[in-house]
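Note that this is a predicted model, so its numbers are computed, not measured.
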Amino acid sequence: MPRLQFVDVESTSSRGWVTAFEEPNLYEDITNRADFALSSVAHCGGVDQLLHDSSELAWRTNMSPPHQAVLTFQGKTDVSYIMLYLDFVKDESYCPQEVRIDLGWGTNDWWHQTNRRVNQPQGWVKIRLLDKRDLPRRVMALRMTVVKNHEKGRDCVIRHFRVIGPKFHHHDAMNRLMLGNTTMLGAVPAEEKDRSRVLNNHLTIR
């Protein structure tokens, strides 16, 4: 299977998340599979701007923190990372400093939480969602909460938001046929990229 080339990707674009990975070919952007709901929106700063290709546009909130973005999927979906593009130099007190990610089966059924604190970021922030075996988590809902801004700011600005999943999935029928069930695969200590490379080399369908 030919490997995709990302050498021409602009790091500030919505596809710039690939620059944060050593092997971006093993992942895919699944953001467009989710429905978005934002806790508040300032003028000209909603979902369309958050998902726009340019980092000059952004989600701009219009209330005091916490700020939330809730994503729901139509079916069970494998998620590996959340990627945020933040720019403290441009946004200063509007730039998030503490972020929480909740995963679940629905908006009333959250079962996993990940917290991330960043200090004056300028570029892509990678938030890991993999489990202890370096496997993606299977969810139907995801909630990002901006708990705190830099300099105790009120509103926040997020310039890109992308949900990243595995290119190949352990739950696919062909994957199970080739590699066995996920518990057998997870029991063998290995680096994430080595295990993913096995999938990449041996699977031809999703």
Side-chain angles (χ1 to χ4, degrees), residues 1 4 6 17-37 66 68-86 96-118 121 124-147 158 160-206:
M1 178 179 295
L4 299 176
F6 296 102
W17 63 268
V18 301
T19 61
F21 290 81
E22 292 184 3
E23 296 186 277
N25 296 277
L26 303 179
Y27 301 97
E28 62 178 342
D29 184 348
I30 59 174
T31 313
N32 62 0
R33 301 182 192 175
D35 294 322
F36 275 74
Q68 292 187 336
V70 178
L71 286 69
T72 54
F73 299 91
Q74 293 299 312
K76 294 180 179 179
T77 304
D78 289 341
V79 297
S80 302
Y81 297 92
I82 292 296
M83 302 296 296
L84 303 178
Y85 191 91
L86 306 176
Q97 185 176 42
E98 294 183 14
V99 175
R100 184 179 73 240
I101 304 294
D102 294 293
L103 304 177
W105 298 124
T107 54
N108 293 314
D109 186 11
W110 305 107
W111 47 260
H112 179 75
Q113 185 178 107
T114 297
N115 295 278
R116 180 69 187 275
R117 181 184 175 92
V118 292
W124 288 98
V125 174
K126 180 194 296 185
I127 303 177
R128 173 189 165 97
L129 301 178
L130 301 171
D131 66 17
K132 293 181 179 180
R133 296 176 296 163
D134 290 337
L135 297 176
R137 297 184 187 273
R138 203 156 175 81
V139 306
M140 290 186 67
L142 184 154
R143 178 174 64 195
M144 182 199 68
T145 303
V146 177
V147 179
I158 296 179
H160 286 310
F161 182 109
R162 312 308 296 182
V163 184
I164 306 304
K167 190 77 171 180
F168 304 102
H169 302 265
H170 295 277
H171 294 274
D172 289 346
M174 182 59 73
N175 292 27
R176 293 197 300 270
L177 178 65
M178 297 293 295
L179 297 174
N181 63 45
T182 57
T183 56
M184 292 176 61
L185 186 62
V188 180
E191 294 295 329
E192 174 191 357
K193 65 179 182 179
D194 293 334
R195 181 164 52 250
S196 298
R197 188 179 295 111
V198 172
L199 291 169
N200 199 23
N201 290 338
H202 293 279
L203 301 178
T204 57
I205 66 173
R206 290 180 53 190

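Separating the CG atom in D131 from the NE2 atom in H112 is a distance of 9.0 Å, to the nearest 0.5 Å. Here the OG1 atom belonging to T145 is positioned 5.5 Å from the CG atom belonging to D102, to the nearest 0.5 angstrom. One distance of note links CG of L130 with CZ of R137; it measures 8.0 Å at 0.5 Å rounding. Put simply, CZ on R100 and CZ on R143 are 6.0 Å apart, with the number rounded to the nearest 0.5 Å.
When side chains are defined from C-beta on, M144 counts as touching I158, because their heavy atoms get closer than 4.5 Å. Side-chain contact between T114 and I82 is absent, with no heavy-atom pair separated by less than 4.5 Å. Side chains of T77 and V163 form no contact here, defined as non-hydrogen atoms less than 4.5 Å apart.
Across A20 and K126, no two heavy atoms sit closer than the pair O-NZ, 3.0 Å. Looking at every heavy atom in both residues, P96 comes nearest to V146 through CB-CG1, 3.7 Å. Of all non-hydrogen atoms in D35 and Q74, the two that sit nearest each other are OD2-NE2, 3.4 Å. Scanning both residues, P166 and P136, for their nearest heavy atoms gives CG-CG, 3.8 Å.
In terms of the side chain to side chain contact (heavy atoms under 4.5 Å, CB included) criterion, residue partners of D29 (sequence neighbours excluded) are, by chain and number, W17, T31, R162, I164. With sequence neighbours left out, K76 forms a side chain to side chain contact (heavy atoms under 4.5 Å, CB included) with W105, R138, M140.
The pair E28-R33 meets the salt-bridge criterion, since a charged nitrogen lies less than 4.0 angstrom from a carboxylate oxygen.
For the ring-ring contact (aromatic ring centres under 6.0 Å, His included) test with F161, the passing option among Y85, F36, W124, Y81 is F36; the others fail.
Annotation for D109: atom CG counts as buried by contact number, over 12 foreign heavy atoms lying within 6.0 Å.
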